[in-house]
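Written below as structure tokens is the structure these notes are about.
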Amino acid sequence: LPLWNQLLYEFNAAGVVSQVRVLYSEMVFCGVVPNVFSVNILVHSLCKMGDLDLALGYLRNNDIDTVTYNTVIWGFCGQGLTNQAFGLLSEMLKKGICFDSITCNILVKGYCRLGLIKYAEWVMHNLVDGGIPKDIIGLNTLIDGFCEAGLMSHALSLMENGERGGLMPDIVTYNTLLNAFCKMGNLVRAESLINEILGFQRDKESGLFENYVVQNQAEIKDLRPTLATYTTLIMAYCKQLGIEEALSLYEKMIMNGIMPDVVTCSSILCGLCRHGKLTEAALLLREMYKMGLDPNHVSYSTIINSLFKSGRVVEAFNLQGQMVVRGISFD
RNA sequence: GACCUUUUCGAGUACGC
């Protein structure tokens, strides 16, 4: 059975949703009785392709758990049907299936996406009343929601309140705020956030944390810049300080042992294009293949669009052809 | 005993002002 489940999982992860259904029926046909895990994978793949009615059908099974419901709630939220998703909570309780922090986080995200931050906040507040522990992921989701709405002061106070309540901000919290400041063009605030992160790191390395009142040291040690941190900053540098600064930050990143991915390179690619350095951009594209970071449709469309805009039509079509040859689909 | 599922941050494109 674990083997069947692994196979189901692989198909689902690869995005071959139809195969998940086929395999599932084959299991039954072979006399293998699917367990909760099998059902959960199937339901997940159904939700992923938007087949909510079919997914709902599986909720009538007896052998389902919190994860099954979370998956379906996730599916509804993904379609913008957060209210219906919310409605499933009472159904869960009737069946004696508890919901958890993850359920609530999914709903918080769902409401944020609709711009209904008040509702998202309400869900968060009622976590405590319901005796469900808040976690940093939910808090980050809400903070991101406030950032998206341009309510930075609320976002920042959420972080402070969380900290006071024992929810230590993690690197994602900082990345979220960093991204918001960068998008607003506020490099000053962005860099002060970076200094805060690096400050934590320095203090930790020099053992200064013993002077702090820290409940759980493990939560603080993750405050190291990640690839997303660097990519966000590199993007902002491209826009406001110029390509040179961005590239030197890129070098610094690699020296710190963090390797770029497709998104990082595409960001630089975009920066080069914006500054009219299309030849360099084309070079970077080739470089990406050498680094084993296969450019995707975003990388290509970035450069193809700028080539068109500057009248270099032939090169643009060449790249478009290359895209097709490499089997990269358009969005 | 071993297997499995769900949630948070980063890239291009918007002939509108």
Problem - Between Asp170(A) and Thr173(A): side-chain donor-acceptor atoms closer than 3.5 Å - result: yes
Handout entry: Test item: side-chain donor near acceptor, Thr68(A) and Thr71(A), under 3.5 Å
Key = no
Problem - Parallel, tilted or perpendicular: rings of Tyr119(A) and Tyr111(A) (30°, 60°) - result: perpendicular
Out of [options], whichever nucleotide has its closest atom nearest the side chain of [X]:
{"X": "Asn305(A)", "options": "U13(B), U6(B), U7(B)", "value": "U13(B)"}
{"X": "Val263(A)", "options": "G10(B), C3(B), U7(B)", "value": "G10(B)"}
{"X": "Val298(A)", "options": "U7(B), U6(B), A11(B)", "value": "A11(B)"}
{"X": "Ile102(A)", "options": "C3(B), G10(B), U7(B)", "value": "U7(B)"}
{"X": "Ser267(A)", "options": "A11(B), C3(B), U13(B)", "value": "A11(B)"}
{"X": "Asp144(A)", "options": "U7(B), G10(B), C9(B)", "value": "C9(B)"}
{"X": "Lys109(A)", "options": "U6(B), A11(B), U8(B)", "value": "U8(B)"}

Name the nucleic acid region contacted by [X], choosing base, sugar-phosphate or nothing; use a 4.0 angstrom heavy-atom cut-off, strictly under.
{"X": "Asn296(A)", "answer": "base"}
{"X": "Ser38(A)", "answer": "nothing"}
{"X": "Asn12(A)", "answer": "nothing"}
{"X": "Thr141(A)", "answer": "sugar-phosphate"}
{"X": "Ile143(A)", "answer": "nothing"}

[N] [atom2] sits how many Å from [X] [atom1], rounded?
{"X": "Ile132(A)", "N": "U7(B)", "atom1": "CD1", "atom2": "C1'", "answer": "14 Å"}
{"X": "Leu177(A)", "N": "G10(B)", "atom1": "CG", "atom2": "P", "answer": "12 Å"}
{"X": "Asp170(A)", "N": "U8(B)", "atom1": "CG", "atom2": "P", "answer": "13 Å"}
{"X": "Asn140(A)", "N": "G10(B)", "atom1": "CG", "atom2": "C1'", "answer": "14 Å"}
{"X": "Ile194(A)", "N": "G10(B)", "atom1": "CD1", "atom2": "P", "answer": "15 Å"}
{"X": "Leu233(A)", "N": "C9(B)", "atom1": "CG", "atom2": "C1'", "answer": "13 Å"}
{"X": "Tyr174(A)", "N": "C9(B)", "atom1": "OH", "atom2": "P", "answer": "18 Å"}
{"X": "Tyr230(A)", "N": "C9(B)", "atom1": "OH", "atom2": "C1'", "answer": "16 Å"}

hbond_proxy [X] side chain to [N] base (donor-acceptor, 3.5 Å cutoff):
{"X": "Thr232(A)", "N": "G10(B)", "result": "no"}
{"X": "Thr226(A)", "N": "G10(B)", "result": "no"}
{"X": "Ser301(A)", "N": "G12(B)", "result": "yes"}

Handout entry: Verdict with reasoning, Asp63(A) to Val39(A), per side chain to side chain contact (heavy atoms under 4.5 Å, CB included)
Key = CA-CA 9 Å; Asp63(A) 207 18; Val39(A) 174; over 6 Å; no
Exercise for the section: Determine, using ring centers only, whether Phe308(A) and Phe317(A) are less than 6.0 Å apart. Expected result: yes
Problem - Test side chain to side chain contact (heavy atoms under 4.5 Å, CB included) applied to Val313(A) and Leu307(A), step by step - result: CA-CA 6 Å; Val313(A) 185; Leu307(A) 282 170; over 6 Å; no
Problem - Verdict with reasoning, Phe146(A) to Leu156(A), per side chain to side chain contact (heavy atoms under 4.5 Å, CB included) - result: CA-CA 9 Å; Phe146(A) 276 109; Leu156(A) 288 165; over 6 Å; no
Problem - Presence of Lys183(A) side-chain N/O under 4.0 Å of A11(B) phosphate oxygens OP1/OP2 - result: yes
Problem - side-chain N/O Lys134(A) vs U8(B) OP1/OP2, d < 4.0 Å - result: no
Problem - Positions of residues 269-286 of chain A (non-hydrogen atom under 4.0 Å from RNA chain B), listed by number - result: Cys270(A), Arg274(A)
Handout entry: Glu91(A) bridged to Lys94(A) by N-O distance under 4.0 Å
Key = no
Handout entry: Residue pair Cys238(A), Arg274(A): steps toward the side chain to side chain contact (heavy atoms under 4.5 Å, CB included) verdict
Key = CA-CA 9 Å; Cys238(A) 279; Arg274(A) 284 206 181 137; over 6 Å; no
